[in-house]
Amino acid sequence: MDRAKAIKAIEDLLDALGEDRTREGLKETPRRVADMFAELLSGEGATAEEELSKTFSVSGGDIVIEKDISFSSTCEHHLMPFFGRIAIAYIPDKKVVGLSKLARCVEVYSKRLQLQEQLTRQIAQAVMDYLAPKGVFVWCEAEHTCMTCRGVKKPGSKTISYVTMGNFPENRLQEVLALVK
């Protein structure tokens with residue numbers, strides 16, 4: 001991120017809104033907003049390869065589920081937050097990953113300008129690419145502030161998206177859906 005350019009853009013936005021950016025409450029706002037976006041978008045260009053490559057050998061192919069992984073992201077349509085929880089289930093193929101690594105995978109892809117459907121797919125694809133399980137299922141439930149604070153203004157409404165990849169048997173998918181809801 002070009003920090004100076006971001007600060008200038010926020011200054012221009014405040015000017016366009018008719019604000020006096022020299023007043024006490026706004027003096028540091030352009031810098032603070034630039035810092036905020038640098039943090040919120042810190043996953044841009046990153047992958048989960050490093051996190052998901054730290055694996056452990058296992059026998060068997062029982063399903064592993066990590067659920068209720070909280071996340072926040074930034075909607076690329078409105079630059080407003082959306083947040084919620086994600087569940088990742090996979091069927092190992094001789095290796096598993098440390099559970100915290102799945103949460104770190106979520107962090108990588110949520111910390112960028114994002115769409116919920118794209119986020120869900122990126123996480124599933126990363127697990128397939130870097131962990132190589134027999135199958136993966138990623139479920140995401142989120143509240144979008146672009147729907148709750150503006151526009152239609154429906155607080156509490158949730159959007160659910162999910163993706164399956166690889167060989168994830170339908171009968172096992174129903175079990176996982178029941179567990180993650």
Side-chain angles (χ1 to χ4, degrees), residues 40-44 46-78 80-181:
L40 293 178
L41 306 178
S42 62
E44 194 61 51
T47 71
E49 181 176 16
E50 181 181 345
E51 300 300 340
L52 296 177
S53 66
K54 298 172 184 169
T55 61
F56 307 95
S57 297
V58 294
S59 60
D62 295 333
I63 295 174
V64 176
I65 303 172
E66 180 72 16
K67 70 179 215 168
D68 295 329
I69 303 168
S70 63
F71 78 94
S72 64
S73 193
T74 305
C75 168
E76 67 182 34
H77 292 155
H78 300 98
M80 293 186 73
F82 67 98
F83 54 91
R85 60 194 182 105
I86 288 176
I88 301 171
Y90 68 97
I91 302 170
D93 189 11
K94 301 179 185 145
K95 60 184 178 177
V96 293
V97 69
L99 296 178
S100 70
K101 304 309 182 190
L102 295 173
R104 290 182 192 281
C105 176
V106 170
E107 285 298 299
V108 166
Y109 296 103
S110 65
K111 297 301 180 202
R112 55 180 70 177
L113 293 178
Q114 196 57 278
L115 299 173
Q116 179 177 336
E117 301 85 349
Q118 180 176 272
L119 171 63
T120 308
R121 181 159 296 282
Q122 287 172 340
I123 293 166
Q125 191 64 60
V127 172
M128 286 301 292
D129 289 348
Y130 304 126
L131 188 54
K134 293 176 184 173
V136 66
F137 166 83
V138 177
W139 181 86
C140 178
E141 178 182 64
E143 185 168 330
H144 294 252
T145 60
C146 58
M147 275 193 58
T148 62
C149 299
R150 57 157 303 280
V152 72
K153 296 183 183 115
K154 297 296 179 199
S157 62
K158 303 274 192 321
T159 301
I160 295 173
S161 56
Y162 69 89
V163 172
T164 58
M165 292 182 176
N167 183 13
F168 211 105
E170 182 66 30
N171 65 326
R172 302 303 307 268
L173 179 59
Q174 296 310 314
E175 289 176 47
V176 171
L177 274 170
L179 290 169
V180 301
K181 288 183 178 180

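- Pairing each heavy atom of Phe71 with each of Ala142, the nearest pair is CZ-CB, 3.9 Å.
- Proximity of a side-chain donor or acceptor of Tyr130 to a complementary backbone N or O of Glu51 within less than 3.5 Å is not detected.
- By the 4.5 Å heavy-atom criterion applied to side chains, Asp68 and Val180 are not counted as neighbours.
- Atom OH in Tyr109 sits 8.5 Å away from atom CD1 in Ile123 (nearest 0.5 Å).
- At distances below 3.5 Å, at least one donor-acceptor pair connects side-chain atoms of Lys67 with backbone N or O atoms of Leu179.
- Here the shortest heavy-atom pairing between Ala124 and Val163 reads CB-CG1, 3.9 Å.
- Shown here for Lys101 and Leu52, the closest heavy-atom pair between the two residues is O-CD2, 4.0 Å.
- There is no side-chain donor-acceptor pair under 3.5 Å between Gln114 and Ser73.
- Note on Glu107 versus Arg104: no salt bridge recorded, every NZ/NE/NH1/NH2 to OD/OE distance being 4.0 Å or above.
- A side chain to side chain donor-acceptor pair (under 3.5 Å) with His144 holds for exactly one of Gln116, Lys154, Lys158, His78; it is Gln116.
- Using a 4.5 Å heavy-atom threshold, the side chains of Val106 and Ile88 count as touching.
- For Glu175, the CD atom sits in a packed shell: over 12 heavy atoms of surrounding residues, nucleotides or ligands are nearer than 6.0 Å.
- By the 6.0 Å contact criterion, CZ on Arg85 is enclosed, its count of non-hydrogen atoms from other residues, nucleotides or ligands being greater than 12.
- Considering only heavy atoms from C-beta on, Thr120 stays 4.5 Å or farther from Glu117 through its side chain.
- Residues Gln118 and Arg112 form no side-chain contact, since every pair of their non-hydrogen atoms from C-beta on lies 4.5 Å or further apart.
- Contact between Thr47 and Val108 at its shortest, heavy atoms only, is C-CG1, 3.7 Å.
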Please lay out, stage by stage, how Leu99 and Val64 fare under the test side chain to side chain contact (heavy atoms under 4.5 Å, CB included).
-> CA-CA 9 Å; Leu99 296 178; Val64 176; 4.2 Å; yes
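- When side chains are defined from C-beta on, Ile91 does not count as touching Asn167, because their heavy atoms never get closer than 4.5 Å.
- Ser157 and Glu143 get closest at one heavy-atom pair: O-CG, 3.6 Å.
- To the nearest 0.5 Å, atoms CD1 (Ile69) and SG (Cys105) are separated by 8.5 Å.
- Within the 4.5 Å cutoff, no side-chain heavy atoms of Pro133 are placed close to those of Lys95.
- The minimum heavy-atom distance between Ile160 and Trp139, with the atom names listed, is CG2-NE1, 3.4 Å.
- In this structure, CE on Met80 lies 5.0 Å from SG on Cys149, to the nearest 0.5 angstrom.
- For Phe137, the ring-ring contact (aromatic ring centres under 6.0 Å, His included) partners are Tyr162, not counting sequence neighbours.
- Here OG1 of Thr164 is found 9.5 Å from CG of Leu177. Values are rounded to the nearest 0.5 Å.
- In this structure the side chain of Val136 never reaches within 4.5 angstrom of the side chain of Leu131, judged on heavy atoms.
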